[in-house]
Every structure is written in C-alpha cells, then in structure tokens.
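One structure is given below, encoded as structure tokens.
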Amino acid sequence: MKNQDLLGLSSANILNAEFEKKYHDVIAHFFSRDPKYWPIFQDKTIQSITQFRKTTTNDNDQLQRYSNGQQLFERLMTDTQIQQNINYPENDPNELLMLVSTLCKNWENPLAVENVIAMPSDPGVYGSMLGLMGNPNMVYCEYSGVADALEKVTIKKVAKLVGYDPEVASGVFTQGGTMCNLYGYLFGLRKSMPNSKHLGMAADQDYRIINSQGGHYSNMTNLALLGVDVDNKTIRIKVSEDNTINLEHLERELRACFTVKCKVPTIMLTTGTTDTFGVDDVKGVCELRDRLCEEFEISVKPHVHVDAAVGWPIIFFLEYNFSSNPLAINDVTLEGLRLNVEKFKHLKYADSITIDFHKWGYVPYTSSLVLVKNGNDFVALENDPENFTYFEHELEGQTHLQSTIECTRSGVGIFGAYSAMHYMGIEGYQTIIAHCLQNANYMRHQLLAMGNAKVIVPQNQGPSVGFKLYDPNLVKDPHVAFDLELTCSTDKEAYDFMVHNTQWHRKLFLQRGREGLFTNWVDSIACSKYAKNNRYVYLPGEKAVFMNPNTERTHIDNFMKILTEMSQNMSSKKVAKI
C-alpha cells in the first residue's frame, strides 16, 4: 500500500506502547532540564527560568505571567547607560537579564510548531556551555588548542553517517546555514573561475549559477552578497509537483549553457525544503551533470552543493532495520521514513552539504557544518599567504585558516553537536525524529478527515505539514478546489477563486490567533502550474512544523477541534460550487 493511502488509516497512525516508552525515556533524560541527570541545571536562577518556561501559554501573554514583568520591561527599555560603580553578583542577581532570558521565544512550549526551529537538548546545552568556558577560536589551531581535534572527529562522525570517506572528507563549523550555502557557491566559483578571486565576477568568461525555485531564500541572497548579477547570471529551475527540482528543465538549461561554452560553477540543491520537505534527487542531478560534462568535454564540473539544513537528521536512519522495526514506529511513518532513506542515501554523491545541528539536531544556536566530500576543495578557496603574516607558516596545511570566510569561528556549535550525538546516540535521535514524524502524520490524518482541508504534498513525509482550508459551504471537495487553483497562472477565474479562498483561510488564521498550536502563515505553500515563459503563481497557506519534542497528540487534537469549530462558524451560507 502506498504511503499516501496509509495516511488515511487510523490503524497506520497508532502509537505503539513500546515506542512511547522509549520516547518518554529519551525526553526524561535529554529534554527535561533535570538536574538529576545534568547538574548544570541545579543553579537556582536557571531552575526558575526553566520552570517558568514549562507552559502552554502564548508568548504574547508571558510578560503578564511574569512577576512585575511589565515594570521590569519598562526598566529594561530605559537601561541605556553603563553604571559607574561595580555591581557584585552576590548583591545583584540582575532581574532584567533574568527577565529577558525567561521571556525569549519559548521553543520548549509544546504548542510551538511555527518553523524549522526546536528547543535544544540537555546534552546540547551542556556541550555548548563547556565550549563557552573553553572559548576556542576555531579559525586557527593554535587559537583553539585541542578543540581543533574535536571539530575534526565530529566532522568524521557525520561524514561516516552520510557515506563519505571520513579520511578524505573535511568541513568547518560556521555561523549558520546561510554561511554554509555561501561556501557551497564559493567552492564552485573558485574551482570553475579561479581568476574571480582577484579580478571579480566579470573577469572570466560567461557563467550561470543554477538553483531551484523551491530552495531557501539564502540561495538568492548569497548570490547578491557575492556580487552575482542575479537577474542575468542566475537560472532558477522549475519545481515538480512535490516541490523538488525538475530534472528535465535542469537538463535543458545545462545543455543550453554548455552548448555556448557558458560555465556553470555551482548547482544548489535542497534535501528537505523549509515549508514542504521536498527532497531533490541528488544522485539524479550528479549523474546528469557527469553525463553532460563528458558529452561536452567539460573539465571542471559544476560543484553540486546540497542544502540539507532541515532534513539532514534522516541520515540517522540510513542503517535502520525496517524489517524488524526495533523502535516500533507506526506503519505510515515507517513507510515514509523508508522512502526518505532511499533519497537521503544519495547525499553521498554531493560535493558539499549544509548541516544545521541547531534545527532538527537539537543543539543551541549556532551550530552549522558545511561538510565537504573532498577536503582538497578547500585549496581552491585559499587566499594569498602574504595576507597571513602573523600566523605560523609551519602549520599551513593543517588548518583551513587561509580558506575560511571568517577570521573568528566559535567552537560552541562543535561542542554542542559532539555532546548531543555522544549522549543521545543514533537510537536517541531516531526516537525523537520518529516521534516528530508520527506527529506530522497524525496531523495530516486529522486534516484529511476534516473534509475542507487540502494537505500539501503529503507524500514528502517530513516534519512540515502544509495545508489550505476552504469554506465548507462553498467547497465540497478540497482536492478539486486545489487542482483548480493550480491553473491560476493561466485562468483568471481560477485566480479569483484562489484569492477568495486564501482570504477566507487567512481570516480564519488571524481570528484564531494563538489558540491551539502556534502555526505559521506562508505566502508560498504551493506553486501553480507553469504558464508561458515559466510564469507561475505562489499559493498561500498555513504550516505546522513538528520538530518540537514536547508536542503530543493531545495538543494536535485540541488544535483540530478549534479548526473544525471555527471553519463551521465562519462558513458561508451560499450553496457549494466546487
């Protein structure tokens, strides 16, 4: 039975007792802030913060919950000058600092499912704090000491999971997924257009950068940062119905470039798009690139970089025994994982990968790794040695100092990632990831049962659940209505119909406020069919992203009850048309 068919079956969405036992054990040990397991949480100030944040109250109402919250906040806003005298810690616990720490966005709240962000795990916090104490500057091995070795072994661990040769692969932890994607572009540019390092982007022959319309916005903002003529030097490839890169369109564009000897430095892919978890065919793209490079006798191949910032934790399941299913994952999620594993096995074909531990890896901000299949690629990024006169030349080749963008790199993300992987292990990660995916599938199942909801690409089987709601008295079949909306780039009536439906859903979203789950409105939850000259229209909708380890089915049930009641109360009295 296909995964999409399994979604509609209650029996395929059950919670197995064996899995629930394992899940609660992982939560207790790694997400509870329990000082019994993690003594760093024994501090009274930290305990007061963690206890306050154990709530389902809306973030907007937290200031009122906090003792003297409004008065303290007003004091904070006027605290704009450094005091003259010393403030000793035993006399000044700094109420303002505690206020801000406590009232930061509460990702520990089980209702928080707005985006691809999650609370950090206890071992992630523990490791990060040790990194803060050590305070290494990872840009240079003499400034980081043995932390340099920690980065190397952490990279080897991830390289093994992906399927890279850990003795050949390399990488750097850097300040976020956007910076990792920037490295991906740079690898291609410096390998294909080495003169650009000194003479700029216009120094070499013509070129085009290729990425997908379904990719993260940093795929475009990075190009502007690099000085790329975005309008004329970028080719954006169409997406297929599942929001993955369209290989036929990619081949046409690559052929067109190679035919006129136009260089293609980088092809940017995504495995796990932010809103709908589209997973590009990495192997298919690499094979296409290799075939065309051989056909056109291209000596320096386009560098294939994969933005896996969101989806990378699926690699923890690459060796999972789907036959015996030792964690007792339910049927629909097990099948979805199996299908995703087949796609993520192909990450090993990419030249470099963006991996964000601070997303689905449960490590504090920031912990991002750009993983490179062939460590020699860093040579293409090296700057002139005379720019590094106050560093020890005997250590050249043992560090990426001359290849990195930064002059300072924090070690906090490395310590957090190492600690989280060490303590939770593959099984701990598998348990939390599976819990999140079971929640996502349960949400899809409940939406399908509503009768006036369209679930966007349910076959993608990631943590992101995109959906569109329709007035139940105007739309009797949301699938038919959605199919009509997909033609809105060529049909004026379909476009007006889409706008009307969007306004109805948007009104419901705003009226609901923060009741139930804290979801997010997205202006591009789906893409229409393409018209002449590749014109298309984005279709807005709503999404919930189930990366929160504290979210359970009772929270989803309550949200669905609110959605159903509000849909009925807001429904039109007109006769159904679609």
Side-chain angles (χ1 to χ4, degrees), residues 4-5 7-14 56-61 109-114 275-276 332 438-458 464-486 488 493-523 525-526 539-546 548 551-578:
Q4 248 178 299
D5 298 326
L7 268 176
L9 299 177
S10 296
S11 59
N13 280 281
I14 62 171
T56 57
T57 303
N58 187 317
D59 287 336
N60 296 334
D61 298 328
N109 189 328
L111 305 186
V113 293
E114 290 101 313
D275 294 331
T276 56
V332 64
Q438 288 188 154
N439 276 344
N441 278 323
Y442 182 69
M443 174 78 158
R444 293 184 184 104
H445 174 267
Q446 299 298 80
L447 285 167
L448 289 170
M450 274 186 72
N452 68 314
K454 167 65 183 178
V455 180
I456 309 299
V457 287
S464 302
V465 180
F467 59 97
K468 287 176 64 69
L469 297 178
Y470 297 92
D471 183 339
N473 281 339
L474 285 178
V475 173
K476 58 185 176 183
D477 189 333
H479 304 289
V480 173
F482 181 74
D483 288 343
L484 176 60
E485 289 183 333
L486 290 178
C488 67
E493 185 176 344
Y495 181 83
D496 292 340
F497 178 72
M498 183 274 293
V499 170
H500 172 80
N501 293 328
T502 298
Q503 290 173 341
W504 186 88
H505 185 182
R506 176 70 172 167
K507 182 180 178 182
L508 186 149
F509 174 81
L510 293 174
Q511 285 188 1
R512 191 180 76 240
R514 309 294 279 176
E515 285 190 76
L517 299 176
F518 307 156
T519 59
N520 207 358
W521 185 261
V522 182
D523 286 332
I525 202 69
L539 278 59
E542 191 172 347
K543 75 172 180 182
V545 184
F546 291 95
N548 191 332
T551 307
E552 300 195 46
R553 291 196 172 190
T554 54
H555 307 118
I556 299 172
D557 287 337
N558 183 52
F559 176 71
M560 293 306 305
K561 180 182 178 182
I562 293 169
L563 272 192
T564 302
E565 290 176 352
M566 289 192 68
S567 292
Q568 293 298 327
N569 292 336
M570 273 184 53
S571 66
S572 169
K573 301 302 180 182
K574 297 179 182 179
V575 179
K577 294 181 179 180
I578 299 296

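All values below were derived from every heavy atom in this structure, side-chain atoms included, with hydrogens, water molecules and symmetry-related copies excluded. Numbers here simply count residues along the sequence, with the first being 1.
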Side chain to side chain donor-acceptor pair (under 3.5 Å) against T551, all qualifying residues, sequence neighbours excluded: none

Counting C-beta onward and ignoring hydrogens, is there a side-chain heavy-atom pair between I525 and F467 closer than 4.5 Å? no

With distance as the sole test, does N548 use its side chain to make a donor-acceptor pair with the main-chain N or O of A112 at under 3.5 Å? yes

Say you draw a straight line from CG of L448 to NE2 of H479; how long is it, rounded to the nearest 0.5 Å? 6.0 Å

Atom pair CD1/OG of I562 and S567 - distance to nearest 0.5 Å: 11.5 Å

Between E565 and R512, does at least one N-O distance fall below 4.0 Å, as a salt bridge requires? no

Quick one: pull up CG in L447 and CG in L563 and give me the separation to the nearest 0.5 Å. 7.0 Å

Please determine if R506 forms a cation-pi arrangement with F509, meaning its NZ or CZ atom is less than 6.0 Å from the six-membered ring centre and no more than 45° off the ring axis. no

If you apply the rule side-chain contact (heavy atoms from CB on, under 4.5 Å), what do you find for D471 with M570, and how did you get there? CA-CA 8 Å; D471 183 339; M570 273 184 53; over 6 Å; no

Drop me the distance from M566's CE to L508's CG, to the nearest 0.5 angstrom. 4.5 Å

Just so I know, are the side chains of E114 and W521 near enough to count as touching, which here means a heavy-atom distance under 4.5 Å? no

pair L539-M498: side-chain heavy atoms closer than 4.5 Å: yes

Heavy-atom pair of closest approach, residues P478 and A453: CG-O, 3.5 Å

Side-chain heavy-atom pair I556, F546 within 4.5 angstrom cut-off: yes

Kindly indicate, with the supporting measurements, whether the criterion side-chain contact (heavy atoms from CB on, under 4.5 Å) is fulfilled by E542 and V522. CA-CA 6 Å; E542 191 172 347; V522 182; over 6 Å; no

F482 and A526: which non-hydrogen atoms are nearest, and at how many Å? CZ-CB, 3.9 Å

Spell out, as yes or no, whether a donor-acceptor pair under 3.5 Å connects the side chain of D61 to the backbone of T57. no

Mind checking whether Q446 and D557 have side chains closer than 4.5 Å, heavy atoms only? yes

Contact summary for A544 and M443, nearest pair of heavy atoms: CB-CE, 4.3 Å

Can you see which heavy atom on S464 is nearest to which on R444, and at what distance? O-NH2, 3.2 Å

Look at the side chain of N558 and the backbone N and O of T554, then say whether any donor-acceptor pair between them is shorter than 3.5 Å. no

I'd like to know if the side chain of D523 reaches the main chain of P540, judged simply by a donor and an acceptor atom lying under 3.5 Å from each other, with no hydrogens or angles considered. no

Any side-chain heavy atom of V332 sitting closer than 4.5 Å to one from L9? no

Distance, nearest 0.5 Å, that separates CG of N58 from CG of N109: 8.5 Å

Can you check whether K468 reaches T502 side chain to side chain, under 4.5 Å on heavy atoms? yes

Test item: N13 side-chain N/O and L7 main-chain N/O as donor-acceptor pair under 3.5 Å: yes

Spatial distance of atom CZ (R553) from atom CG (N439) [nearest 0.5 Å]: 7.0 Å

Taking the side chain as C-beta and beyond, is there a heavy-atom pair between T276 and K543 under 4.5 Å? no

Identified side chain to side chain donor-acceptor pair (under 3.5 Å) counterpart of Y470 within the set K476, H500, E485: E485

